[in-house]
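As the structure lists them, so they are numbered: ligands from 1, and atoms in each ligand from 1. Residue indices begin at 1 and follow the sequence shown.
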Amino acid sequence: MENAVNEKRKVVFSGIQPSGNITLGNYIGALRNFTSFDDADCLYCLADLHTLTVRQVPAELRKRTASLAAIYVACGLDPDKNIIYCQSHVPAHAELAWILNCYTYMGELSRMTQFKDKSQKHADNINAGLFDYPVLMASDILLYQTDLVPVGGDQKQHVEICRDIAQRFNGLYGDVFTIPEPYIPKATAKIMSLSEPTKKMSKSDPEDTFIAVLDKPEDIRRKLKRAVTDSDGEIRYDPENKPGVSNLLTILSVLKKESMEDTVASLSGLGYGALKEAVAEAVIAELSPIQERYNAIIADKDGLSAMLKRNAERAAYLAQKTLRKVYKKVGLYQV
Ligand code: AQP
């Protein structure tokens, strides 16, 4: 890995918060794309520090962090080829965040839509960490001289502010950071809630609004049967006027690796019941092998911890190189 970085292979970085049950939206929008970068050096963190921006039950957070690590591996990320680690195990993330805070403006942070949305959702706990979330995310990305950041559409604005911060910093001190690009395939950018299809599917929303990667087949069928559609009865892709049906069609076409036209054509003359059944079959077929691998991985707690420890050391080595450079550039006294 270290040599590979010197040879300027592309670096890919992303992360997911262990803030709830990982959803089909997280899978389709992000996780599934994590395995698309054979020729790059990839780092995927469990963004546990970000998760603290919303109040958590500590024991559950610990459990969900291990579970998310097992999901990463079960989804096909080889932990010897990809660096899979916990954000909190690499102190450089928090250290760089402090420095970058001093190069980020209150005005630009207040424009972040996630901050506005989450402030509404958690009106009793609008903490400084929630406001500062994008700076920690910028640090995650910039520490590794990242070229590409595979995320869902909701995170685009955060990658953009990361680029702004990096450009500002480079403008002052020279080429310290690589300027990252977001990697957001259009078709999968935003999977919608099953109960309110004009809203994004989110893992911290109530259970019945999303399908979880670890849901049992009967739960997947039940949730999809209850998914909100519309009353005109026509299967047509039209996100503006038919958000529920269009969301189901998106899930189906992505999982079946078909074009939208072919997916719609395959359902011609059928009703919403058949559409929901087809989506359920496709989701179950996609998730069953992942769940099988997951069960084996999560059963080996010691193996999982050893993998996270080993990979945190690999990440820390790389992160430290950037952090040392940053400290020197900004004038912190080195011994
Ligand atoms: N509905 C979605 N469609 C497509 N992509 C999505 N992502 C999340 N929801 C969808 C992508 O999944 C990754 C997970 O990011 P995160 O855990 O850091 O937080 P998030 O974006 O805030 O995701 P959630 O599920 O909505 O979590 P909570 O409820 O905790 O806020 C990102 O790449 C995201 O774009």
ask   = Name the residues with a heavy atom less than 4.0 Å from ligand 1?
value = Ile16, Gln17, Ser19, Gly25, Asn26, Gly29, Ala30, Gln114, Lys118, Tyr133, Val151, Gly152, Asp154, Gln155, Thr188, Ala189, Lys190, Ile191, Lys200, Met201, Ser202, Lys203, Ser204
inquiry  = For the backbone of Gly29 and the side chain of Asn33, can you confirm whether one donor and one acceptor N or O come within less than 3.5 Å of each other?
reply    = yes
query = How are the rings of Phe34 and Tyr72 set relative to one another: parallel (under 30°), tilted (30 to 60°) or perpendicular (over 60°)?
reply = perpendicular
All N/O donor-acceptor pairs, side-chain side in residues 325-332, below 3.5 Å, sequence neighbours left out:
unit_1: Tyr327; atom_1: OH; unit_2: Glu95; atom_2: OE2; d: 3.3
unit_1: Lys329; atom_1: NZ; unit_2: Tyr173; atom_2: O; d: 3.3

Using atom types as modelled, flag every donor-acceptor pair under 3.5 Å from a side chain in residues 46-55 to any protein atom, sequence neighbours excluded.
unit_1: Asp48; atom_1: OD1; unit_2: Ser88; atom_2: N; d: 3.0
unit_1: Asp48; atom_1: OD2; unit_2: Ser88; atom_2: OG; d: 2.6
unit_1: His50; atom_1: ND1; unit_2: Gln87; atom_2: NE2; d: 3.2
unit_1: His50; atom_1: NE2; unit_2: Tyr133; atom_2: O; d: 3.1
unit_1: His50; atom_1: NE2; unit_2: Met137; atom_2: N; d: 3.3
unit_1: Thr51; atom_1: OG1; unit_2: Ala47; atom_2: O; d: 2.9
unit_1: Thr53; atom_1: OG1; unit_2: His50; atom_2: O; d: 2.6
unit_1: Arg55; atom_1: NH2; unit_2: Asn125; atom_2: OD1; d: 3.2

key: For Asp208 against Lys223, the heavy-atom pair lying closest together   = OD1-CE, 3.9 Å
Pairs under 3.5 angstrom only: tabulate donor-acceptor contacts from the side chains of residues 179-190 to other protein residues two or more places apart or in another chain.
unit_1: Thr188; atom_1: OG1; unit_2: Pro185; atom_2: O; d: 3.3

